[in-house]
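Input: a single structure, listed below in structure tokens.
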Amino acid sequence: MKKIAISEAESLIMQCLWESSPQSAEALVAILTQQQNWQEATVKTLINRLLKKEAIRAEKDGRRYLYTPRLKREQWIAAESKQFLSRLFDGKLSPLIAHFQQHKKLSADDIAILKKLIQDLDHDQ
């Protein structure tokens, strides 16, 4: 599948569909007008954008359409993560972790998980 750029607002529609699909526009409107205080027109505009980007598909169900994601959540996370690292940390993971250590102070649990991940990487190579 080609790379699909999803805006922050569009990602909220995608999150709803990744959690439960297929869903109608009415169901998405009900969820997002409550969660985000959006108007119905906003939700429908975002749905149409996602259809044009081919991130979702629509299937006719009587007089309405049901929407399902074409873009997998894992694909989107991988692309977003890579773009984030490239944009802020020259594509390198270690400066990101150093940043969190300096500014957030990683918890003991975070450090233990990172050590385990590194240990697993060492064993895989």
Worksheet entry | Common cluster, Ile118/Ile111, ILVMFWY with side-chain heavy-atom separation under 4.5 Å | no

Worksheet item: Do Ile56 and Ile77 sit in the same hydrophobic cluster, where Ile, Leu, Val, Met, Phe, Trp and Tyr count as joined when their side-chain heavy atoms come under 4.5 Å apart?
Response: yes

Discussion item. Has Glu10 got a side-chain atom pairing as donor or acceptor with Ser7's backbone, closer than 3.5 angstrom?
Written reply: yes

Worksheet item: Got a donor-acceptor contact below 3.5 angstrom from the Asp110 side chain to the Ser107 backbone?
Response: yes

Residue list, side-chain contact (heavy atoms from CB on, under 4.5 Å) with [X], at least two apart or on another chain:
{"X": "Lys60", "answer": "Tyr65"}
{"X": "Leu121", "answer": "none"}
{"X": "Leu32", "answer": "Leu12, Ile13, Cys16, Gln35, Gln36, Trp38, Val43"}
{"X": "Phe89", "answer": "Phe84, Leu85, Pro95, Leu96, His99"}

Pairing residues for [X] by the side-chain hydrogen bond (donor to acceptor under 3.5 Å, both in side chains) criterion, not counting sequence neighbours:
{"X": "Arg64", "value": "Asp61"}
{"X": "Asp109", "value": "none"}
{"X": "Ser24", "value": "Glu26"}
{"X": "Thr42", "value": "none"}

Practice prompt. Kindly write out the residues that satisfy ring pair (Phe, Tyr, Trp, His ring centres under 6.0 Å) with His123, not counting sequence neighbours, or none if the list is empty.
Written response: none

Worksheet item: Which pairs pass salt bridge (Lys or Arg N to Asp or Glu O under 4.0 Å) with one or both residues in residues 35-45, sequence neighbours excluded?
Response: Glu40-Lys44

Worksheet item: Could you give all pairs that pass the side chain to side chain donor-acceptor pair (under 3.5 Å) test and reach residues 80-91, with sequence neighbours left out?
Response: Asp90-Lys92

Worksheet item: Got a sec, which residues hit salt bridge (charged side-chain N to carboxylate O under 4.0 Å, His left out) with Asp122, two or more places apart in sequence or on another chain?
Response: none

Fill in: Check against side chain to side chain contact (heavy atoms under 4.5 Å, CB included), Thr68 and Leu17
CA-CA 6 Å; Thr68 56; Leu17 292 173; over 6 Å; no

Fill in: Check against side chain to side chain contact (heavy atoms under 4.5 Å, CB included), Leu71 and Met14
CA-CA 9 Å; Leu71 176 66; Met14 294 302 296; 4.1 Å; yes

Distance-minimising heavy-atom pair for [X] and [Y]:
{"X": "Gln15", "Y": "Trp76", "value": "NE2-CZ3, 3.8 Å"}
{"X": "Ile6", "Y": "Ala55", "value": "CD1-CB, 3.8 Å"}
{"X": "Arg70", "Y": "Gln75", "value": "O-OE1, 4.4 Å"}
{"X": "Leu51", "Y": "Tyr67", "value": "CD1-CE2, 3.8 Å"}

Discussion item. Can you confirm whether the side chains of Thr45 and Asn48 place a donor and an acceptor under 3.5 Å from each other?
Written reply: no

Item to complete: List the steps, then state whether side chain to side chain contact (heavy atoms under 4.5 Å, CB included) holds for Leu93 with Ile97.
Response: CA-CA 7 Å; Leu93 186 57; Ile97 295 168; 4.0 Å; yes

Item to complete: With side chain to side chain contact (heavy atoms under 4.5 Å, CB included) as the test, would you mind laying out the steps for Ile31 and Gln23 before giving the verdict?
Response: CA-CA 11 Å; Ile31 293 166; Gln23 289 197 52; 3.4 Å; yes

